[in-house]
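Shown next, in structure tokens, is the structure this report addresses.
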Amino acid sequence: QVQLVESGGGSVQAGGSLTLSCEVGAYTYSKYCMAWFRQAPGMEREGLADIRDDGGTHYAASVKARFTISRDNGKHTLNLQMDNLKPEDSAMYYCATRSRGRGPCGTGIARYDYDYWGPGTQVTVSP
């Protein structure tokens, strides 16, 4: 069973930084593709970033150059470093996994391709 647990959310002022982490587990880490999403109240869930097995990354335009996705192969975690945060970044942040059968990792962050989701961690950015 796939279990994902996000951590690292909190409240920060605009321009600040936060680092999110998602505990994935050894089996899931090796068998599934992983990505970060967010959802603000009243909005659709938005794909933010995903990562290839070789560490190559792919970002949504809204976070490119401010957010950095990474993998920790020793801890089996997926991380998201968020810099220069803006009030519009306020949302619940989720990590998610999908089957490799849907294509190579790091090639897409379409919400409906992802099967398993963590409970989320809240990020609030004040002006």
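The CG atom of Asn79 sits 9.5 Å away from the CE atom of Met34 when rounded to the nearest 0.5 Å.
Each of Asp83, Asp89, Asn84 was scored for a side chain to side chain donor-acceptor pair (under 3.5 Å) with Arg66, with one residue passing: Asp89.
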Evaluate Tyr32 against Tyr27 for side-chain contact (heavy atoms from CB on, under 4.5 Å), listing each step before the verdict. CA-CA 8 Å; Tyr32 290 81; Tyr27 179 83; 4.3 Å; yes
From CA spacing to verdict: side-chain contact (heavy atoms from CB on, under 4.5 Å), Thr57, Asp50: CA-CA 6 Å; Thr57 56; Asp50 61 347; over 6 Å; no
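Nearest heavy-atom pair, Ala35 versus Ile109, reported as atom, atom and distance to 0.1 Å: CB-CG2, 4.0 Å. Here the shortest heavy-atom pairing between Leu78 and Val24 reads N-CG2, 4.1 Å.
For Val12, the side chain to side chain contact (heavy atoms under 4.5 Å, CB included) test picks out Leu18, Leu85, Val125, with sequence neighbours left out. In this view, Lys75 and Asp72, Thr77 satisfy the side chain to side chain contact (heavy atoms under 4.5 Å, CB included) rule, not counting sequence neighbours. Contacts of Thr28 classified as side chain to side chain donor-acceptor pair (under 3.5 Å), with partners at least two apart in sequence or in another chain: none. Under the side chain to side chain contact (heavy atoms under 4.5 Å, CB included) criterion, Thr107 pairs with Arg98, Pro104, sequence neighbours left out. Thr68 is linked by a side chain to side chain contact (heavy atoms under 4.5 Å, CB included) to Tyr59, Gln81, counting only residues two or more places apart in sequence or in another chain. Residues satisfying the salt bridge (charged side-chain N to carboxylate O under 4.0 Å, His left out) test with Asp53, not counting sequence neighbours, are Arg71, Arg100.
The list of ring pair (Phe, Tyr, Trp, His ring centres under 6.0 Å) pairs with a residue in residues 69-114, not counting sequence neighbours, reads Tyr29-His76, Phe37-Tyr114. Residues in residues 2-27 take part in no salt bridge (charged side-chain N to carboxylate O under 4.0 Å, His left out) pair, two or more places apart or across chains. Pairs of residues two or more places apart, or lying in two chains, that qualify as disulfide bond (SG atoms under 2.5 Å apart) and include a residue from residues 14-69 are Cys22-Cys95, Cys33-Cys105. Applying the side-chain hydrogen bond (donor to acceptor under 3.5 Å, both in side chains) test to residues at least two apart or on different chains, none of the pairs has a partner in residues 116-127. Screening residues 112-122 for salt bridge (charged side-chain N to carboxylate O under 4.0 Å, His left out), with sequence neighbours left out, gives Arg102-Asp115.
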Show the atom names and distances, to 0.1 Å, of all donor-acceptor pairs under 3.5 Å that link a side chain in residues 40-47 to residues at least two apart or in another chain.
residue	atom	partner	partner atom	Å
Glu44	OE1	Arg111	NH1	3.4
Arg45	NE	Gln39	OE1	3.0
Arg45	NH2	Gln39	OE1	3.1
Glu46	OE1	Arg38	NE	2.9
Glu46	OE1	Arg38	NH2	3.4
Glu46	OE2	Ser62	OG	2.8

